[in-house]
Trainee: 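Dropping the structure in here first, questions after.
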There are 2 protein chains.
Amino acid sequence: MHTSGSGRPAAHSPRPAAPGGARVAGTPSPATPQAALPPARRVTLAQVARASDVSLKTASRVLGGEPHVASATRERVLAAARSLGYQRNTAASLLASGRRADYLGLITGDLTNPFYAALAQEIEESTRVHHLRLNLSSSGESPETEWELARSLSDQRCRALIVVSSMSDHAGYGELQRTGMPVVFVDRPARGVEADSVVLDNVRGGQLAAEHLLAQGHRDIAYIGDYDWLPTQRERFEGFARAMGRSGAGPWRDLVRTGAHDVPGAREAVQDLLSGARAPSAFVAGNNRSSLAVLQELVSRFPQPASRPAIVGFDDVEWAEVLGLTVIAHEAGEMGRRAVDLVLGRLGNPDRAPVSLVLPVRVIARGSGELAPPPTR
Amino acid sequence: MHTSGSGRPAAHSPRPAAPGGARVAGTPSPATPQAALPPARRVTLAQVARASDVSLKTASRVLGGEPHVASATRERVLAAARSLGYQRNTAASLLASGRRADYLGLITGDLTNPFYAALAQEIEESTRVHHLRLNLSSSGESPETEWELARSLSDQRCRALIVVSSMSDHAGYGELQRTGMPVVFVDRPARGVEADSVVLDNVRGGQLAAEHLLAQGHRDIAYIGDYDWLPTQRERFEGFARAMGRSGAGPWRDLVRTGAHDVPGAREAVQDLLSGARAPSAFVAGNNRSSLAVLQELVSRFPQPASRPAIVGFDDVEWAEVLGLTVIAHEAGEMGRRAVDLVLGRLGNPDRAPVSLVLPVRVIARGSGELAPPPTR
DNA sequence: GTGAAAGCGCTAACAA
DNA sequence: TTGTTAGCGCTTTCAC
């Protein structure tokens with residue numbers, strides 16, 4: 001048996017041709033070779049009809065779940081379909097009927113961000129309740145990829161689309177809407193197109209975070225934020241700036257670091273701040289990645305929890321509780337449910353005026369945001 | 001402006017008809033009503049052909065990216081397509097060509113589990129490299145939902161399927177394979193069907209966890225595990241049991257709690273153990289959910305880190321480092337890449353013998369697993 | 001309750 | 001380089 005491993009793998013080896021560290025267990029070929037089976041030609045409705053001695057149309061009725069078929073006939077067709085291994089050809093069905101597919105499309109930016117994962121999960125569940133499926137895909141925050149995915153979904157006659165968009169202009173989506181596909185924007189508002197959207201009250205979130213720390217007596221409050229083009233980042237920062245401006249806390253802008261989308265990037269920003277001339281006594285983290293980055297850096301630099309700078313994070317992720325992290329929380333799940341409701345509402349009433357929903361945020365105090373600044377001032 | 005919120009929402013209100021806590025910002029209707037536009041009838045290739053004064057076939061060639069078209073003709077068709085807002089009908093295209101769609105299907109069990117999220121992310125990226133899209137959906141660990149999704153994907157003539165299966169028997173997948181769609185099983189092995197698979201060396205993982213704690217002198221080692229039907233859980237437990245059995249650590253089976261899939265469930269199990277007659281001095285957590293649950297419970301019961309029971313978790317999640325959690329780690333990303341390689345390999349060579357890959361695991365020591373048992377024994 | 005014919009929008013084969 | 005013809009597998013009329 002192999003050993004317990006040899007350190008981290010070569011990062012992203014493009015095509016691991018050789019098995020590398022993996023153990024290959026050649027499955028012994030059992031006695032049922034699949035070569036004996038017919039070629040990859042699919043069973044068609046016509047074959048089922050012939051086998052059960054009915055017309056094509058009757059077979060179609062049965063397999064399409066239509067009424068007005070004698071139950072004896074129905075059973076016969078069903079049996080034939082089962083024994084032949086019939087699988088409906090969705091493409092043909094869609095083409096003939098002119099209907100749209102039975103799934104919603106969801107384009108998100110990053111599967112591994114727990115916030116989007118929670119959102120996707122909730123959308124999935126809401127979708128299922130309405131007897132629709134969900135086709136989830138990720139743009140990797142690339143506008144080009146996003147548009148490609150959106151086009152592809154539209155070409156596939158997807159029923160409706162929910163998008164966490166990384167595009168700065170959504171005029172192109174108008175083209176898709178015009179073919180009868182509702183589009184709902186989540187987390188980031190629609191720009192340049194009339195469409196429904198659900199977003200968070202980000203301005204208020206940023207403001208609450210700053211005010212919470214100001215109330216503890218902090219003045220040197222740092223802000224760690226995401227990409228500057230992200231509407232969520234801009235709005236959260238706007239709220240932060242508003243509260244800081246009002247507070248008279250001095251030249252707070254020196255302690256602002258934005259543009260870091262992942263944990264390593266944000267961590268660098270924190271390191272930079274902590275080794276700067278004016279070390280902050282508190283941090284506002286603009287999302288869950290930066291929250292984690294700030295925590296990692298603080299924990300490693302300040303072994304005693306009580307002596308650490310304060311921090312208010314964003315997004316109430318699963319690990320926030322155990323780390324005693326004060327956060328600006330919101331309901332990702334609620335956002336998902338609302339998005340599905342909007343999409344279905346518009347499916348039922350395409351001409352309804354666009355709706356923009358703004359969901360509330362709130363502070364959850366867990367200790368990290370209630371630490372006082374050091375007395376030596 | 002509304003206040004900062006009013007506690008947690010009513011859990012899963014089925015259809016939030018009224019706006020509730022959300023602010024509705026009615027978007028002012030701009031001057032471009034979309035009522036003036038033509039109905040939702042799509043532009044067809046025939047219309048593009050007519051508009052650019054070429055045959056249907058030539059238009060098809062241009063829009064299908066085929067060669068052997070005069071560049072002047074090509075431009076003319078492209079221009080017409082653009083100005084008419086042509087969108088290819090994928091269903092018709094697939095039907096006529098008999099090809100399969102340009103995406104892989106991935107069925108996973110739980111979008112919000114960071115392990116599966118990382119897996120999906122990597123599969124997405126590997127897939128994109130090969131100019132294919134990814135259609136991700138979640139079964140919610142329901143075998144029925146999984147099969148429905150698999151059938152639907154197959155009916156849509158999805159190119160190939162990667163599954164984190166919650167079914168106990170996979171014979172049904174054979175039917176899908178027979179129509180020419182490769183199926184690869186990830187994280188959980190194929191049962192009852194000949195198919196490629198990539199899994200972790202779970203037995204060894206469970207064994208390493210137990211041995212690590214035994215080496216620190218622990219004897220009262222608890223095990224917190226997932227659903228008993230999960231192959232990963234069974235194998236991890238098997239490894240744990242093997243190490244414990246060899247160790248002569250007494251009646252260790254009393255300290256085993258399995259069947260908890262989510263954090264609250266696992267947390268209950270930990271509470272139960274900690275208030276039992278024989279409190280464990282160490283924990284092995286069978287996955288990242290139970291790791292978090294154990295940590296939450298230990299942190300809340302034992303304010304001093306040094307006095308806490310030891311813990312070795314499973315899955316190297318993002319928050320493990322900041323919490324000093326010793327884990328059994330593996331490469332979820334590697335698993336994803338291998339799965340895509342297998343799927344593409346089989347696409348190129350359908351008759352190749354099934355391959356089973358087993359990826360290695362290893363211990364990452366971060367402190368929580370190196371705590372000694374209390375001296376009072 | 002059942003069936004015949006037409007055609008959804010596109011591509012494959014072949015011809016010109 | 002371009003066009004013609006014949007379907008792909010299904011659903012929709014509309015008849016019986």
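Chain letters run A, B, ... following the sequence lines, proteins first, then strands; residues in each count from 1.
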Trainee: What does nucleotides 4-11 of chain C look like as a protein-contact string, B for base, S for sugar-phosphate only, - for none, at under 4.0 angstrom between heavy atoms?
Mentor: B--BBBBB
Trainee: Which residue pairs satisfy the ring-ring contact (aromatic ring centres under 6.0 Å, His included) criterion with at least one member in residues 62-108 of chain A, sequence neighbours excluded?
Mentor: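 Sorted result for residues 62-108 of chain A: empty, none.
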Trainee: Going by atom types only, do B:Ser152 and B:Glu148 share a side-chain donor-acceptor pair under 3.5 Å?
Mentor: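 The criterion, which ignores hydrogens and geometry beyond distance, is not satisfied for B:Glu148 and B:Ser152.
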Trainee: Tell me, which pairs form a salt bridge (Lys or Arg N to Asp or Glu O under 4.0 Å) where one or both residues lie in residues 76-88 of chain A, sequence neighbours left out?
Mentor: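 The answer is none; no pair qualifies.
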Trainee: Only pairs at least two apart or in different chains count here, so list each ring-ring contact (aromatic ring centres under 6.0 Å, His included) that has a residue in residues 168-196 of chain B.
Mentor: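 Only B:Trp147-B:Tyr173, B:His170-B:Tyr173, B:His170-B:Phe185, B:Tyr173-B:Phe185 qualify under ring-ring contact (aromatic ring centres under 6.0 Å, His included).
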Trainee: Could you walk me through whether A:Glu194 and A:Arg346 pass the salt bridge (charged side-chain N to carboxylate O under 4.0 Å, His left out) test, one step at a time?
Mentor: CA-CA 12 Å; A:Glu194 277 196 75; A:Arg346 183 156 301 278; over 6 Å; no
Trainee: Strictly by modelled atom types, are A:Arg133 and B:Ser137 linked by a side-chain donor-acceptor pair under 3.5 Å?
Mentor: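 No.
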Trainee: Which residues pass the side-chain hydrogen bond (donor to acceptor under 3.5 Å, both in side chains) test with A:Thr58, not counting sequence neighbours?
Mentor: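 Testing A:Thr58 for side-chain hydrogen bond (donor to acceptor under 3.5 Å, both in side chains), a comparison that skips the adjacent residues, returns A:Ser55.
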Trainee: On DNA chain D, reading 5' to 3', which nucleotide is the first and which the last to sit with an atom under 4.0 Å from a heavy atom of chain B, could you check?
Mentor: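 Extent of the interface on DNA chain D: D:dT1 to D:dG9.
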